[in-house]
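Nothing here was measured: the structure is a model prediction, and the numbers come from that model. Note that ligands are numbered from 1 as they come in the structure, with each ligand's atoms numbered from 1 the same way.
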Amino acid sequence: MKLQIALDTVSMQQAVNIIKKVHKYIDIVEVGTPMIIDFGMEAVKIIKKTFPDILVLADTKIMDAGEYEAKMVFEAKADIVTVMGITHVETILGVVKAASEVNKMVLADMMCVKNLEERAKRLVEIGVDYICVHTAVDVQATENPYDELARIQKTVGSKRCAIAGGITIDSINKVVDYKPEIVIVGGGITGQKNKKEVAATFRQKLDIYG
Ligand SMILES: O=C([C@H](O)CO)[C@H](O)[C@H](O)COP(=O)(O)O
């Protein structure tokens, strides 16, 4: 399992400082959607240049103009781009086309998708690399992604699963049994005082379960 740290509501300097602290424990850095709105693809370029050995995911949450927008993301040297699983197949096909041309990857964010299993199968068929169950920040007070993880793991297998949305060191035990390929943690690390120690604990948990 890969640990992805989501950097959402931080400045560029804060982002670099956090990555320096947790670098040895994480596999993927997510340039979160708020950072992309704030800094654009410069955020991706700076992080990729500063930490060339870490995979960078740009959480663009593409909904339209899939090929065009994905090309911009890969030109900025991101390794993974996100597209909304609920959007048109044509848009997702465009994102997949852009990724395949540069041997990069696509994660589909399944937020708000109702026919989860059916849609997940279709997206894998058309070339999406990861299917991410995701509880939006705005509804985390009442919802969580764990039931959807169980459903998606059964549908597409652990290697194609990703999960995000309010995961903490106290809730990681609800995740590891399903062995999702990518475990995405934002506030569960960035919102903690002892970010390095918490990241190390997440790493230890994921490594125990494989
Ligand atoms: O994608 C995200 C959200 O939509 C805000 O952009 C977050 O990166 C994702 O939810 C992970 O962050 P936490 O929920 O704080 O773990």
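The protein heavy-atom contact nearest to atom 10 (O) of ligand 1 is H134 NE2, 2.8 Å. Regarding atom 16 (O) of ligand 1, its nearest protein heavy-atom neighbour is G186 N, 2.8 Å. Protein heavy atom closest to atom 7 (C) of ligand 1, with residue, atom name and distance, is D8 OD2, 3.3 Å. In terms of protein heavy atoms, atom 4 (O) of ligand 1 is closest to K61 NZ, 2.9 Å.
Close contacts between ligand 1 and E30 involve ligand atoms 1 (O), 8 (O) [criterion: under 4.0 Å to a heavy atom]. Within ligand 1, the atoms closer than 4.0 Å to a non-hydrogen atom of A6 are 8 (O), 11 (C), numbered from 1 in the order shown. With ligand atoms numbered from 1 in the order given, ligand 1 contributes 13 (P), 14 (O), 16 (O) to contacts under 4.0 Å with heavy atoms of G166. Residue V137 approaches ligand 1 through these ligand atoms, each under 4.0 Å from one of its heavy atoms: 3 (C), 5 (C).
Contact record, S11 with M35: O-CE, 4.2 Å, taken as the closest heavy-atom pair.
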Discussion item. One pair to check against side chain to side chain donor-acceptor pair (under 3.5 Å): D59 and T82. What are the steps and the verdict?
Written reply: CA-CA 5 Å; D59 193 14; T82 68; 2.7 Å; yes
Practice prompt. Assess whether side chain to side chain contact (heavy atoms under 4.5 Å, CB included) is satisfied between V128 and V96, documenting all intermediate values.
Written response: CA-CA 7 Å; V128 168; V96 168; 4.2 Å; yes
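Between the side chain of D27 and the main chain of L3, a donor-acceptor pair closer than 3.5 Å is present. Between the D109 side chain and the M84 main chain, no donor and acceptor come within less than 3.5 Å of each other.
Judged by the shortest distance from any of its heavy atoms, G165 lies inside the 4.0 Å radius around the atoms of ligand 1.
For ligand 1, one of its N or O atoms has an N or O atom of Q140 under 3.5 Å away. Close N/O approach between G187 and ligand 1 is found [any backbone or side-chain N/O within under 3.5 Å]. Note: no N/O pair closer than 3.5 Å links P34 and ligand 1 by distance alone. Every N/O-N/O distance between A164 and ligand 1 stays at or above 3.5 Å.
Residue D59 touches ligand 1 through its side chain alone, judged by heavy-atom distances below 4.0 Å.
Atoms CG and NE2, on L149 and H134 in that order, are 13.5 Å from each other to the nearest 0.5 Å. Rounded to the nearest 0.5 Å, atoms CG (L7) and CD1 (I36) are 11.0 Å apart.
With respect to K71 and E75, no salt bridge is recorded, no charged nitrogen being found less than 4.0 Å from a carboxylate O. A salt bridge links E101 to K97: one of the charged nitrogens lies within less than 4.0 Å of a carboxylate oxygen.
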